[in-house]
Visitor: 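Before I ask anything, let me first share the structure, which is written out below as structure tokens.
Letters go in sequence order (proteins before strands), and every chain restarts at 1. Model, not experiment: these values are computed from the prediction.
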Amino acid sequence: MKTFSRKVLDVVKKIPRGEVLSYKEVARLAGNEKASRAVGNILNKNYDPGIPCHRVIRSDGSVGGYNRGKKEKERLLKIENRT
DNA sequence: CGTATGACGTGCA
DNA sequence: GTGCACGCCATAC
């Protein structure tokens with residue numbers, strides 16, 4: 001998958017613990033800042049172990065969503081951000 | 001190729 | 001601060 005999705009996953013994969021990037025940021029790093037929507041779409045359909053997709057939130061600060069429940073996402077963010 | 005979908009973003013009421 | 005509409009993009013069918 002050497003496409004936009006691949007880059008998105010790659011970027012998200014590089015997000016350090018305690019750090020969170022907005023879909024827009026990820027999209028920009030992936031090559032298209034306007035593809036924020038596509039980013040979420042890709043993460044949603046392509047959840048892979050090693051991809052801390054829970055570290056990707058909306059630009060307005062909202063957790064957005066999560067395959068396993070945004071509640072879990074918030075928890076993970078809290079834990080990683082807490083330390 | 002055209003249509004439909006979606007973890008988004010921004011603007012406006 | 002909240003809710004709604006429009007725009008933008010990648011992927012699936």
Side-chain angles (χ1 to χ4, degrees):
Chain A
M1 253 204 215
K2 291 124 191 178
T3 51
F4 183 77
S5 52
R6 173 55 196 235
K7 287 189 180 179
V8 173
L9 296 172
D10 191 59
V11 172
V12 177
K13 202 182 338 185
K14 295 172 178 70
I15 301 177
R17 182 170 177 278
E19 190 64 57
V20 293
L21 291 177
S22 62
Y23 296 93
K24 191 171 71 171
E25 288 296 299
V26 176
R28 184 160 61 78
L29 295 173
N32 293 317
E33 181 179 335
K34 308 190 221 73
S36 51
R37 209 166 189 179
V39 173
N41 211 324
I42 290 157
L43 291 177
N44 181 28
K45 291 174 178 160
N46 297 272
Y47 182 83
D48 296 284
I51 312 290
C53 28
H54 62 263
R55 288 180 189 157
V56 185
I57 63 174
R58 288 183 53 156
S59 56
D60 55 297
S62 305
V63 295
Y66 198 51
N67 300 32
R68 306 184 181 164
K70 53 183 166 183
K71 197 71 184 298
E72 184 63 34
K73 181 172 179 176
E74 293 182 71
R75 185 189 302 178
L76 291 167
L77 291 172
K78 190 174 69 167
I79 299 170
E80 302 192 342
N81 199 307
R82 217 164 37 159
T83 24

Visitor: Is there any salt bridge (Lys or Arg N to Asp or Glu O under 4.0 Å) pair reaching into residues 28-54 of chain A, and which pairs are they, with sequence neighbours excluded?
Guide: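 Checked against salt bridge (Lys or Arg N to Asp or Glu O under 4.0 Å) - neighbours excluded - the pairs reaching residues 28-54 of chain A are A/E25-A/R28.
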Visitor: Can you name the side-chain hydrogen bond (donor to acceptor under 3.5 Å, both in side chains) partners of A/K73, sequence neighbours left out?
Guide: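 With sequence neighbours excluded, A/K73 shows a side-chain hydrogen bond (donor to acceptor under 3.5 Å, both in side chains) to A/Y23, given in chain and number order.
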Visitor: For A/N44, which residues count as a side chain to side chain contact (heavy atoms under 4.5 Å, CB included) partner, sequence neighbours excluded?
Guide: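 If we apply the side chain to side chain contact (heavy atoms under 4.5 Å, CB included) test to A/N44, skipping adjacent residues, the hits are A/N67.
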Visitor: My understanding is that only residues two or more places apart in sequence, or in another chain, count here; which of them pass side chain to side chain contact (heavy atoms under 4.5 Å, CB included) with A/I15?
Guide: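 Result, side chain to side chain contact (heavy atoms under 4.5 Å, CB included) vs A/I15: A/V12, A/E19, A/L21, A/R55, A/V56.
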Visitor: When you measure from the side chain of A/K7 to the backbone N and O of A/A30, does any donor-acceptor pair fall under 3.5 Å?
Guide: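 The answer is yes, because a donor-acceptor pair under 3.5 Å joins these two groups.
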Visitor: Taking only heavy atoms on the protein side, list every residue of residues 34-44 of chain A lying under 4.0 Å from any atom of DNA chain B, sorted numerically.
Guide: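 Here the set is A/S36, A/R37, A/A38, A/G40, A/N41, A/L43, A/N44.
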Visitor: First and last nucleotide of DNA chain B touching chain A, 5' to 3', heavy-atom cut-off 4.0 Å?
Guide: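 With heavy atoms of chain A under 4.0 Å away, the range is B/dT5 to B/dT10.
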Visitor: Nearest whole angstrom, please: distance from the P of C/dA12 to the CZ of A/F4.
Guide: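 In whole Å, C/dA12 P lies 14 Å from A/F4 CZ.
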Visitor: With side chain to side chain contact (heavy atoms under 4.5 Å, CB included) as the criterion, how do A/V26 and A/L43 come out once you've worked through the C-alpha distance, each side chain's angles and the decisive distance to 0.1 Å?
Guide: CA-CA 11 Å; A/V26 176; A/L43 291 177; 5.8 Å; no
Visitor: How would you list, by chain and number, every residue that makes a side chain to side chain contact (heavy atoms under 4.5 Å, CB included) with A/K13, sequence neighbours excluded?
Guide: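 Here the qualifying residues are A/D10, A/I51.
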Visitor: List in numerical order all residues of residues 61-77 of chain A for which some heavy atom is under 4.0 Å away from an atom belonging to DNA chain C.
Guide: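 None - not one residue of the stretch has a heavy atom sitting under 4.0 Å from the strand.
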Visitor: By salt bridge (Lys or Arg N to Asp or Glu O under 4.0 Å), which residues pair with A/E74, not counting sequence neighbours?
Guide: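 Salt bridge (Lys or Arg N to Asp or Glu O under 4.0 Å) check on A/E74 returns nothing, list empty.
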Visitor: According to side chain to side chain contact (heavy atoms under 4.5 Å, CB included), who are the partners of A/A35, at least two apart in sequence or on a separate chain?
Guide: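 Side chain to side chain contact (heavy atoms under 4.5 Å, CB included) check on A/A35 returns A/F4, A/A27, A/N32, A/A38.
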Visitor: Whole angstroms only, please: what is the CG-C1' distance between A/N32 and C/dC8?
Guide: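 Nearest whole value for this atom pair: 10 Å.
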Visitor: So which of residues 22-31 of chain A are in contact with DNA chain B, with a heavy-atom cut-off of under 4.0 Å?
Guide: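 Per residue number, the list reads A/Y23, A/K24.
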Visitor: What's the spacing between A/R6 CZ and A/I42 CD1 if we round to 0.5 Å?
Guide: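 Going from the CZ atom of A/R6 to the CD1 atom of A/I42 covers 12.5 Å.
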Visitor: Which residues, ordered by chain and number, are linked to A/L77 in its hydrophobic cluster, where ILVMFWY side chains connect at heavy-atom gaps below 4.5 Å, directly or through other members?
Guide: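 Grouped by the 4.5 Å side-chain rule, A/V20, A/I57, A/V63 form the rest of the cluster around A/L77.
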Visitor: Can you tell me how far apart CG (A/L76) and SG (A/C53) are? Round to the nearest 0.5 Å.
Guide: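 If I round to the nearest 0.5 Å, the distance is 9.5 Å.
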